[in-house]
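The structure appears right after this line, and notes come after that.
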Amino acid sequence: MEEKWSKESREYFSTELLSWYERSKRDLPWRRHRDPYYIWISEIMLQQTRVDTVIPYFHRFIERFPTISSLAEAPEEDVLKCWEGLGYYSRARNLQAAARQVMERHGGKVPNDKASVSALKGVGPYTTGAILSIAFNQPEPAVDGNVMRVLSRYFFIEEDIMKTGTRALMERLAGSLIPAGRAADFNQALMELGALVCTPKAPQCLTCPVMAHCSARLEGAELRLPVKSKAKPPRPEYRLVALVEGEGERAGRVLVRRRPDTGLLARMWELPHVPAADKPGEGAGVADGSAMNRLAGALAEVGTYVQAAGPFMAAEHIFSHIHWYLRVFRFQEAAALSALAGFAEMAVAEAREAYNEGEQAAEEYRWITAEDMNDLAFPNVFLKILSQYFAEQKVE
DNA sequence: CATCCGTGGTT
DNA sequence: TAACCAAGGAT
């Protein structure tokens, strides 16, 4: 093994890092307990998500679902609502599915063997190591982005960290660095250093406890590591969104629908929307008429007849792989037309498939008030549109 | 192995 | 400001 990976270099690293962690570790909510359930929740929430973002969600979640059984028995709707705004919603659904696994297979206690932990839904290689080490102090590596950045710099590893093989290398190295009996603290120390000191763009080398033997630092290459292949930019998608106000019994209500069981924002609620015919022209509002016609037609095909009331707002939303450009239009339900159209049910059902253009059809539509939003989980982009709408209604 | 899966903060 | 990135996992 190369000199920079020597036993001396590795022991220095582990010793100094642990010492630094004892002095510098943050007081985080999930560090105040040894409850494996809390550790588990925090690790799921922290996947691709910043500590500051997670903290309020963590508090709310353990208050609402204080035990594994309470989580297992809750309606999925409640779990999603608790996750609303945090993103990557399959984490929430997998977490609940895993809680049910734990109730059935492990007597309601988080298992402490590798095979059982990694078999839990939503728990991959990183989270397996995190749970085993942090909750049970087992000497398993927990290699996340922080760890790969720190190790790639200190040990000057130039392999692309996006590649599977590099992660395997990192896991072997990280595992060999764990001091006997100190897995919980050491793994957290490694991540803590990456989060607070060995940051991606502006590492604070002068305050780093292992600067003296950091290979990248010694060669002035800390900003060049880790090597990471670039992600593809999100593809643009142009969509027309309908904000339909109810009439008669539904006065003061808005039409929403639930998304399909799989894929983007699975089982979340949203405003109805359709793909735009083409990119919106820069000339303002020229195409509003045809856009509203297209939306009205689409709504008719699911049994709601409307009259256009004009543009409401534009919105953008960037997912990891899709960039939504949304144009939102207001409509008034035309209840008389809806009643008249009762005879057309069959035709509607057939037209529905054509209209969805290969997308999975939303099955459930609902007319909601502002208060109903307390119970239904919406992705942020629709939360913003709806909250603005209801706020304006309140003033009027 | 590449792509899908959210959102918000940082530089 | 537009990348870049964050305690990743599933397929």
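Predicted, not measured: the structure shown is a model, and the values here were computed from it. Letters go in sequence order (proteins before strands), and every chain restarts at 1.
Distances shorter than 4.0 Å separate none of the side-chain N or O atoms of A:Ser90 from OP1 or OP2 on C:dG9. Side-chain N/O atoms of A:Gln48 include one lying less than 4.0 angstrom from OP1 or OP2 on C:dG8. Between A:Lys228 and the phosphate of C:dA6, there is a side-chain N or O to OP1/OP2 separation shorter than 4.0 Å. Of the side-chain N and O atoms in A:His317, one or more sit less than 4.0 angstrom from OP1 or OP2 of B:dT7. Between A:His321 and B:dC5, a side-chain N or O to OP1/OP2 separation shorter than 4.0 Å is present. Within the structure, every side-chain polar atom (N or O) of A:Tyr88 is placed at least 4.0 Å from both OP1 and OP2 of C:dA10. Checking the phosphate oxygens (OP1, OP2) of C:dA6, no side-chain nitrogen or oxygen of A:Asn146 falls inside 4.0 Å. For C:dA6, one of the phosphate oxygens OP1 or OP2 lies less than 4.0 angstrom from a side-chain nitrogen or oxygen of A:Arg149. Note on A:Lys232: a side-chain N or O is less than 4.0 Å away from OP1 or OP2 of B:dT3.
Using atom C1' as the reference point in both C:dC4 and B:dG6, the two lie 16 Å apart (nearest Å). Look at the C1' atom in both B:dC1 and C:dA10: the space between them is 14 Å, to the nearest Å. Comparing the C1' positions of B:dC5 and C:dC5 gives an interatomic distance of 16 Å, to the nearest angstrom. Taking atom P on both nucleotides, C:dA7 is separated from B:dA2 by 23 Å, rounded to a whole Å.
Across all strands, A:Trp30 comes closer than 4.0 Å to base atoms (heavy-atom distances). Contacts of A:Leu28 with the nucleic acid, taken as non-hydrogen atoms under 4.0 Å apart, include base atoms. Using a 4.0 Å heavy-atom criterion, one finds that A:Ile44 contacts no nucleic acid atom at all. Residue A:Arg235 is in sugar-phosphate contact alone, with no base atom involved, counting any heavy-atom pair closer than 4.0 Å across all strands shown. Contact annotation for A:Pro233: no contact, since no heavy-atom pair falls under 4.0 Å across all strands. Contacts of A:Arg267 with the nucleic acid, taken as non-hydrogen atoms under 4.0 Å apart, are absent. When heavy atoms are screened at a 4.0 angstrom cut-off, A:Val54 is found touching no nucleic acid atom at all.
Both tests do not hold together for A:Arg91 against A:Tyr88: distance to the six-membered ring centre under 6.0 Å, angle to the ring axis within 45°.
Salt bridge status for A:Glu219 with A:Arg224: absent, with no side-chain N to carboxylate O gap under 4.0 Å.
Between the side chains of A:Glu84 and A:Trp269, no donor N or O sits under 3.5 Å from an acceptor N or O. There is no side-chain donor-acceptor pair under 3.5 Å between A:Glu140 and A:Thr128. Checked by atom type, the side-chain pair A:Gln307/A:Gln332 shows no donor-acceptor distance below 3.5 Å. Side chains of A:His323 and A:Glu237: a donor-acceptor N/O pair is absent below 3.5 angstrom, by distance only.
One interatomic measurement links the two molecules: CD of A:Glu43 to C1' of C:dA7, which rounds to 5 Å at whole-angstrom precision. Distance A:Asp160 CG to B:dC1 P: 10 Å, rounded to the nearest Å. With rounding to whole Å, A:Arg93 atom CZ is found 20 Å from C:dG8 atom P. In this structure, CG of A:Asp144 is placed 9 Å from C1' of C:dA6, rounded to the nearest angstrom. Residue A:Leu46 contributes atom CG, which lies 11 Å from atom C1' of C:dG8 at whole-angstrom precision. Rounded to a whole Å, the CD1 atom of A:Ile322 is 12 Å from the P atom of B:dT7. Here the C1' atom of nucleotide B:dC4 and the CG atom of A:Leu264 are 9 Å apart, to the nearest Å. In this structure, CG of A:Leu86 is placed 13 Å from C1' of B:dC5, rounded to the nearest angstrom.
If A:Gln47 and A:Lys230 are placed on DNA chain C by their nearest nucleotide, the residue sitting closer to the 5' end is A:Lys230. Comparing A:Gly87 and A:Gly165 by the nucleotide of DNA chain B whose heavy atom lies nearest to each, the residue mapping closer to the 5' end is A:Gly165. Each of A:Ala231 and A:Lys121 lies near DNA chain C, and the nucleotide nearest A:Ala231 is the one positioned closer to the 5' end. Residue order along DNA chain B, read from the 5' end via each residue's closest nucleotide, puts A:Thr164 first among A:Thr164 and A:Phe378.
Separating the OG atom in A:Ser14 from the CG atom in A:Asp185 is a distance of 12.5 Å, to the nearest 0.5 Å. Note that the CG atom of A:Leu71 and the CZ atom of A:Phe61 stand 4.5 Å from one another [nearest 0.5 Å].
Note: A:Phe155 and A:Phe13 meet the aromatic proximity criterion, with ring centroids under 6.0 Å apart. Taking the six-membered ring for Trp, A:Phe319 and A:Trp324 have ring centres closer than 6.0 Å. Not less than 6.0 angstrom separates the ring centroid of A:Phe312 from the ring centroid of A:Phe329. Ring centroids of A:Phe382 and A:His273 are separated by less than 6.0 Å, placing the two rings close together.
In the set B:dC1, B:dC5, C:dA7, the nucleotide with an atom closest to the side chain of A:Tyr126 is C:dA7.
Not a single donor-acceptor pair, N or O on each side, falls under 3.5 Å between the base of C:dG8 and the side chain of A:Thr127. A:Thr49 contributes no side-chain N or O that forms a donor-acceptor pair with the base of C:dG8 under 3.5 Å.
For A:Thr15, there are no side chain to side chain contact (heavy atoms under 4.5 Å, CB included) partners, not counting sequence neighbours.
Near-neighbour residues of DNA chain C inside residues 184-196 of chain A, defined by a heavy atom below 4.0 Å, number-ordered: A:Met191, A:Ala195.
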Tabulate atom names and distances for all N/O pairs under 3.5 angstrom spanning the protein and nucleotides 9-11 of chain B.
none

